[in-house]
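Here the structure is laid out as structure tokens; the discussion comes afterwards.
Order of listing sets the numbers, starting from 1, for every ligand and every atom in it. In what follows, every heavy atom counts, from backbone to side chain, and hydrogens, waters and symmetry copies are set aside. Since the structure is predicted, the reported quantities are computational estimates derived from the model, not experimental observations.
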Amino acid sequence: MKFDIVTIFPRMIEAALAEGIVSRGIASGALDVEIHDLRDHTTDRHRSVDDVPYGGGPGMVMKPEPLVRAVEEIRNRRGAPDAVILLSPQGRRFTQAEAVRLSGLAHIALLCGRYEGMDDRVPELVGAEELSLGDFVVSGGELPAMIVVDAVSRLVPGVVGDEQSVAEDSFARGLLDYPHYTRPAEFAGIKVPDVLLSGHHAEVRRWRRKTALARTLDRRPELLERADLDDEDRKLLDEIVKERGGP
Ligand code: 9WO
């Protein structure tokens, strides 16, 4: 998987890529990530990437020319990306299903906005799709871009050592995760659930599946409508409801 990331803060992205699974994916060759400093695509002496907004108002707007030139250079030198993604609060919501879709592509370019945003002609000119990580506004698109890179990279074969754990990841099935514990077996008067110490692997699997369903029911019930539940899941959900005195 090839990523190209366009930003005015390349060192911020470098730092985020220097640790963790993405850096290991780069080292193993499973990932090929190139960071592009937007200022390298300017033509004026001051390497300007922003300008005052037409119509007045606060702040500055990112100029269209450097962004369009940056994507053109990526196309010419690294090939046409399968997706050009602009991170913004007005984009389509980024979900695990989106991460799965993107992980099936070979080449993704991400454009990180700053200031008040980009000139509105850019998304159309570069064929960008807009992705949002949530209904909030941060100071730039870099951190959202790194979340997308991490979530997608985890799904690329060869990046995460234990591919099974990724596939079994509760969220991969549309559910919240089950509780995790490690030593000591009792801490601050709180004991680890006995089933996890029992050595009965089938019982442990069942307990994890049931607690993931119970947590999802309690905290994000709307996820249950979209989750790919099987008969075992439905049986466990019935059990949970009955145990709670439901119908
Ligand atoms: C901000 C914005 C707010 C309301 C409607 C549209 C918007 N677009 C942008 C935008 O692109 N902002 C740029 C990137 C510049 C300012 C900081 N940026 C940003 C991206 N803040 N928050 C995000 C973001 C990206 C993805 N998911 C959530 C927030």
Side-chain angles (χ1 to χ4, degrees), residues 1 3-17 20-22 33-42 44 46-74 81-103 105 107-156 171 174 176 220 222-223 226:
M1 164 78 85
F3 287 103
D4 285 286
I5 304 166
V6 179
T7 173
I8 62 168
F9 292 129
R11 287 197 302 279
M12 183 177 178
I13 303 286
E14 282 155 17
L17 293 181
I21 66 149
V22 176
V33 183
E34 187 162 332
I35 303 165
H36 304 261
D37 183 343
L38 186 60
R39 293 190 193 282
D40 292 344
H41 299 278
T42 58
D44 64 310
H46 301 293
R47 292 165 56 90
S48 310
V49 293
D50 62 313
D51 202 342
V52 295
Y54 276 119
M60 302 291 275
V61 174
M62 297 182 85
K63 293 169 60 61
E65 306 95 321
L67 286 159
V68 171
R69 276 197 289 267
V71 176
E72 274 314 298
E73 198 265 340
I74 291 167
D82 300 305
V84 180
I85 294 172
L86 161 57
L87 289 308
S88 97
Q90 64 183 8
R92 189 170 71 250
R93 182 58 66 92
F94 180 66
T95 62
Q96 189 65 17
E98 276 295 298
V100 170
R101 174 180 75 87
L102 293 174
S103 70
L105 304 181
H107 183 188
I108 295 173
L110 298 116
L111 307 184
C112 302
R114 280 275 158 174
Y115 308 104
E116 296 303 311
M118 300 176 185
D119 182 292
D120 207 61
R121 290 166 286 193
V122 172
E124 185 187 337
L125 286 170
V126 302
E129 53 184 280
E130 296 191 43
L131 280 185
S132 166
L133 300 196
D135 296 333
F136 52 80
V137 180
V138 287
S139 50
E142 285 79 8
L143 292 177
M146 290 322 301
I147 290 170
V148 171
V149 169
D150 187 280
V152 172
S153 295
R154 296 181 76 249
L155 301 171
V156 173
F171 220 89
L176 299 186
R220 294 289 302 281
E222 80 281 2
L223 291 180
R226 296 196 300 269

Per-atom contacts, ligand 1 versus [X] - under 4.0 Å to a heavy atom:
| X | result |
| --- | --- |
| Leu133 | 26 (C), 27 (N), 28 (C) |
| Arg114 | 15 (C) |
| Leu131 | 26 (C) |
| Gln90 | 5 (C), 6 (C) |
| Ser139 | 17 (C) |
| Gly113 | 13 (C), 14 (C), 15 (C) |

State whether the number of non-hydrogen atoms from other residues, nucleotides or ligands found under 6.0 Å of Asp44 atom CG is greater than 12.
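It does: Asp44 CG has more than 12 such atoms within range.
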
If you draw a 6.0 Å radius around CZ in Arg101, do more than 12 non-hydrogen atoms from other residues or ligands fall strictly inside?
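Yes, CZ of Arg101 has more than 12 neighbouring heavy atoms, counting only those of other groups under 6.0 Å.
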
When you compare ligand 1 with Pro144, is there at least one nitrogen or oxygen pair between them that comes in under 3.5 angstrom?
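No, there is no polar N/O contact under 3.5 Å.
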
Ignoring angles and geometry beyond distance, decide whether Met118 reaches within less than 3.5 Å of ligand 1 through its nitrogen or oxygen atoms.
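Among all N and O atoms of Met118, none is under 3.5 Å from an N or O of ligand 1.
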
Could you work out, for [atom], the closest of [options] by heavy-atom distance?
| atom | options | result |
| --- | --- | --- |
| atom 18 (N) of ligand 1 | Ala145, Ser88, Cys112, Gly140 | Gly140 |
| atom 19 (C) of ligand 1 | Val148, Leu143, Val138 | Val138 |
| atom 1 (C) of ligand 1 | Gly117, Pro89, Gly91, Ser132 | Pro89 |

Nearest protein heavy atom with distance in Å, relative to atom 20 (C) of ligand 1
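So the nearest neighbour among protein heavy atoms is Leu87 O, 3.7 Å.
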
Nearest-neighbour protein heavy atom for atom 29 (C) of ligand 1, which is reported as residue plus atom name and distance
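Answer for atom 29 (C) of ligand 1: Phe136 O, 3.2 Å.
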
[X] side chain near [Y] side chain, heavy-atom distance below 4.5 Å:
| X | Y | answer |
| --- | --- | --- |
| Glu130 | Pro123 | yes |
| Pro10 | His36 | no |
| Val52 | Met60 | yes |
| Pro144 | Phe94 | no |
| Ser153 | Met1 | no |
| Leu133 | Val148 | yes |
| Met146 | Leu17 | yes |

Could you walk me through whether Arg93 and Glu98 pass the salt bridge (charged side-chain N to carboxylate O under 4.0 Å, His left out) test, one step at a time?
CA-CA 8 Å; Arg93 182 58 66 92; Glu98 276 295 298; over 6 Å; no

Determine whether the side chain, the backbone, both or neither of Tyr115 has a heavy atom under 4.0 Å from any heavy atom of ligand 1.
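Within the 4.0 Å criterion, Tyr115 contacts ligand 1 through backbone atoms alone.
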
Would you kindly specify which portion of Leu86 sits under 4.0 Å from ligand 1, judged on non-hydrogen atoms: side chain, backbone, both or neither?
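Answer for Leu86: neither.
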
